[in-house]
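In what follows, a structure is listed as structure tokens, so that the remarks can point back to it.
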Amino acid sequence: MSTPAQRPVVAIDYTAAVGHAPGVGRYARELVRALVRLPASGIGGLRLVEVGRGPRPMEGAPLGLEGSEVRLPTTRRRIRLPRRAFGLAARMPGVARASVAGDAALLHRVHAHWPPAGDVPSTLAVTELPRRGAPGEGAFASAVRSAAGVLVFSDDARDRVAARYDVPDARLHRVPVGCDHWERDVDLDEVTARPTRDVLVLGAIRSSRAPLAALRGFEALRERNVRARLLLVGRAGDAADAFRVALAASPARADVRWIDDPREASMPGCVAGACVLLHLAEDEATPVTPLEAARFGLPVVASPLPAFREALGDELRTVDGDDPAALGAALADALEASEDADVRARMKELGLTMTWRGSAAAHVAAWEATLGSPFGSPTPHSRRLDR
């Protein structure tokens with residue numbers, strides 16, 4: 001067995017982790033938190049790279065890189081140049097490798113084509129695919145095709161990436177999501193729903209998340225004289241103005257609350273106290289949001305996306321977001337089910353195996369395969385994870 005000093009160092013784009021609470025920010029943050037605590041990691045160390053004048057760091061962000069249980073040597077490298085300036089500098093011979101990855105053997109990205117990797121092999125985590133014909137799809141396709149390894153979080157994403165971008169199976173790695181991050185703050189056994197009977201909507205108010213459809217469905221629910229509140233937790237996106245106008249005219253507006261500047265510290269309480277998750281999405285390649293809610297026992301009403309079906313199976317309540325009456329009926333059914341202890345127990349069970357520790361171990365296996373040899377372990381080069 002080789003020593004940590006003899007094993008390769010992996011650099012990770014950590015910029016989003018310190019400035020963005022949800023999405024890829026949480027992914028990078030929780031992945032690293034788990035990697036540094038693996039009991040026998042196959043990598044020799046991590047280099048956390050923050051490039052560009054990113055957003056202000058989250059207030060009191062618990063990055064989790066301290067404590068006696070941290071086992072993996074970890075350094076942080078901050079490059080505070082504007083992205084454009086750094087992009088230009090990185091094209092100069094010999095600059096990119098030294099600036100971004102240092103002596104790392106691999107750079108793991110959470111954004112396509114950023115940060116520049118120079119001559120260092122890179123892997124890319126694909127959490128969503130761009131719309132066909134959308135601006136930037138060509139750049140995304142180029143990034144996927146040029147990556148030494150592509151990590152996906154559902155079988156559906158693996159199949160679509162392979163078909164759309166002609167990525168060979170050897171460079172595609174299916175890894176599980178982690179959804180246990182909020183258990184540091186909330187005890188699953190003590191979770192009880194609020195008397196307000198919250199229907200929870202998580203994520204930015206974007207057109208791809210159909211917030212107007214969620215509002216119309218909630219209005220249909222209230223027309224059934226079902227007692228509930230619609231709680232939206234997410235920053236303003238491209239549908240925020242339209243949502244504000246619709247909400248002002250809504251007959252259900254008194255029972256709608258929108259937290260448009262969510263704090264990470266308040267998220268566990270929002271989820272733990274809700275009764276149902278409503279998650280409408282145009283296209284998502286990861287089931288992390290439904291699983292986050294399932295982990296707390298919430299029934300899930302969601303768009304019928306393959307990634308969601310894979311993760312939740314028969315427990316997923318799918319609905320056509322364009323049909324308010326059907327959505328209202330599905331929410332009424334889910335609210336009733338939320339009072340059934342057996343239903344909540346089954347939902348919790350779905351998320352119990354989806355841990356960040358398991359996800360971190362699968363990432364290491366994917367990096368091993370990408371570099372072409374195990375990191376000091378007997379793992380075969382062809383190792384793949386299907387769960």
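A chain of hydrophobic side-chain contacts below 4.5 Å, direct or via other Ile, Leu, Val, Met, Phe, Trp or Tyr residues, connects V271 to V233. V70 and V9 fall into different hydrophobic clusters, defined by Ile, Leu, Val, Met, Phe, Trp and Tyr side-chain heavy atoms under 4.5 Å apart, directly or through other members. By the rule that hydrophobic residues join a cluster once side-chain heavy atoms approach within less than 4.5 Å of another member, F308 and V301 end up as members of separate clusters. Under a hydrophobic clustering in which Ile, Leu, Val, Met, Phe, Trp and Tyr are joined whenever their side-chain heavy atoms come within less than 4.5 Å, directly or via other members, L129 and L172 fall into the same cluster. A continuous path of Ile, Leu, Val, Met, Phe, Trp and Tyr side chains, each step under 4.5 Å between heavy atoms, connects V36 with I12, placing both in one hydrophobic cluster.
R344 contributes no side-chain N or O that, together with a main-chain N or O of D340, makes up a donor-acceptor pair within less than 3.5 Å. Looking only at distances, no side-chain donor or acceptor of S142 sits under 3.5 Å from a matching main-chain atom of G138. Not a single donor-acceptor pair under 3.5 Å links the side chain of D159 to the backbone N or O of V161. Under a 3.5 Å cut-off, the side chain of S303 and the backbone N or O of L305 do not form any donor-acceptor pair. Using a distance-only test at 3.5 Å, with no hydrogens or angles considered, a donor-acceptor pair links the side chain of S154 to the main chain of A285.
Counting only heavy atoms from C-beta outward, the side chains of L65 and L48 approach each other to under 4.5 Å. Using a 4.5 Å heavy-atom threshold, the side chains of M347 and L312 count as touching. Proximity of V300 to V276: side-chain heavy atoms (C-beta onward) are nowhere separated by under 4.5 Å. In this structure the side chain of V199 never reaches within 4.5 angstrom of the side chain of L231, judged on heavy atoms. A heavy-atom distance below 4.5 Å is not found between the side chains of V49 and Y14. Using a 4.5 Å cut-off on side-chain heavy atoms (C-beta onward), D320 and L327 make no contact. Residues L31 and W356 have side chains in contact (heavy-atom distance under 4.5 Å, counting atoms from C-beta outward). Looking at heavy atoms from C-beta onward, L331 lies out of side-chain contact with R317 at the 4.5 angstrom threshold.
The residues E310 and R174 are annotated as salt-bridged, a charged nitrogen and a carboxylate oxygen being separated by less than 4.0 angstrom. A salt bridge does not link R145 with D166: none of the charged nitrogens is closer than 4.0 Å to a carboxylate oxygen. Using a 4.0 Å cut-off between charged nitrogen and carboxylate oxygen, R229 and D255 do not count as a salt-bridge pair. Under 4.0 Å is where a charged nitrogen must lie from a carboxylate oxygen, and between R184 and E30 at least one such pair does. Electrostatic pairing of E50 and R77 does not count as a salt bridge here, judged by no charged N lying under 4.0 Å from a carboxylate O. Residues R216 and E219 are paired through a salt bridge, judged by an N-O separation under 4.0 Å between the basic side chain and the carboxylate. Salt-bridge formation is not detected for the pair D156/R158: no Lys NZ or Arg NE/NH1/NH2 atom is positioned less than 4.0 Å from an Asp or Glu carboxylate oxygen. One finds a salt bridge joining R47 and D103 here, because a Lys/Arg side-chain nitrogen approaches an Asp/Glu carboxylate oxygen to under 4.0 Å.
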For this session: May I have the step-by-step check of side chain to side chain contact (heavy atoms under 4.5 Å, CB included) for D198 and C275, ending in yes or no?
Result: CA-CA 5 Å; D198 287 346; C275 287; 5.8 Å; no
For this session: Evaluate side chain to side chain contact (heavy atoms under 4.5 Å, CB included) for V245 paired with L247, printing each intermediate quantity in order.
Result: CA-CA 5 Å; V245 170; L247 179 58; over 6 Å; no
For this session: Verify ring pair (Phe, Tyr, Trp, His ring centres under 6.0 Å) between H111 and Y27, making sure each step is shown before the conclusion.
Result: CA-CA 12 Å; H111 295 292; Y27 161 70; over 10 Å; no
For this session: Mind running side chain to side chain contact (heavy atoms under 4.5 Å, CB included) on V256 and L215 for me, showing each step along the way?
Result: CA-CA 9 Å; V256 179; L215 178 61; 4.1 Å; yes
Problem set entry | Steps toward side chain to side chain contact (heavy atoms under 4.5 Å, CB included) verdict (F153, V175) | CA-CA 5 Å; F153 302 89; V175 298; 3.5 Å; yes
For this session: Apply the test salt bridge (charged side-chain N to carboxylate O under 4.0 Å, His left out) to residues R160 and D283: give CA-CA distance (whole Å), side-chain angles for both, the deciding distance (0.1 Å), then the verdict.
Result: CA-CA 12 Å; R160 286 196 289 156; D283 184 18; 2.9 Å; yes
Exercise. Between R171 and D169, does a salt bridge (charged side-chain N to carboxylate O under 4.0 Å, His left out) hold up when you go through it step by step?
Worked result: CA-CA 5 Å; R171 289 200 285 119; D169 186 69; over 6 Å; no
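Nearest heavy-atom pair across L63 and A17 is CD2-O, 4.1 Å. Here the closest heavy-atom approach between residue A214 and residue L278 is recorded as CB-CD2, 3.7 Å. Smallest separation of non-hydrogen atoms from G44 and R7: N-CB, 3.5 Å. Taking each heavy atom of A28 and D13 in turn, the nearest pair found is CB-O, 4.2 Å. Residues P287 and A307 share a closest heavy-atom pair of CB-O, 3.4 Å.
Distance CG/L350 to NZ/K348: 12.5 Å, rounded to 0.5 Å. A distance of 9.5 Å separates CG of L106 from CD1 of I43, quoted to the nearest 0.5 Å. For the atom pair CZ (F218) and OG (S250), the distance works out to 8.0 Å, reported to the nearest 0.5 Å. Going from atom CZ of R235 over to atom CG of D260 covers 8.5 Å, rounded to the nearest 0.5 Å. Separating the CD1 atom in I205 from the CG atom in L232 is a distance of 5.0 Å, to the nearest 0.5 Å. Taken from CG in L151 to CG in L124, the straight-line distance is 8.5 Å, to the nearest 0.5 Å.
Note on residues 268-282: pairs passing side chain to side chain donor-acceptor pair (under 3.5 Å), not counting sequence neighbours, are R131-E282, H279-E284.
Remark: of the listed residues E292, E264, R295, E292 is the sole one forming a side chain to side chain donor-acceptor pair (under 3.5 Å) with H181.
Taking the six-membered ring where tryptophan is involved, the planes of W182 and F296 are tilted, since the angle between them lies from 30° to 60°. Ring pair F243/W258 is perpendicular by interplanar angle, where above 60° counts as perpendicular and below 30° as parallel.
Counting non-hydrogen atoms of neighbouring residues, nucleotides and ligands closer than 6.0 angstrom, the CD atom of E336 reaches no more than 12 such neighbours. Surrounding CZ of R357 are at most 12 heavy atoms belonging to other residues, nucleotides or ligands under 6.0 Å away. Counting heavy atoms of neighbouring residues, nucleotides and ligands inside a 6.0 Å radius, atom CD of E339 exceeds 12 of them. The number of heavy atoms from other shown groups lying within 6.0 Å of CG (D187) is above 12.
T355 and D180 share no side-chain donor-acceptor pair at under 3.5 Å.
Taking the six-membered ring where the residue is Trp, the centroids of H363 and H173 are separated by 6.0 Å or more.
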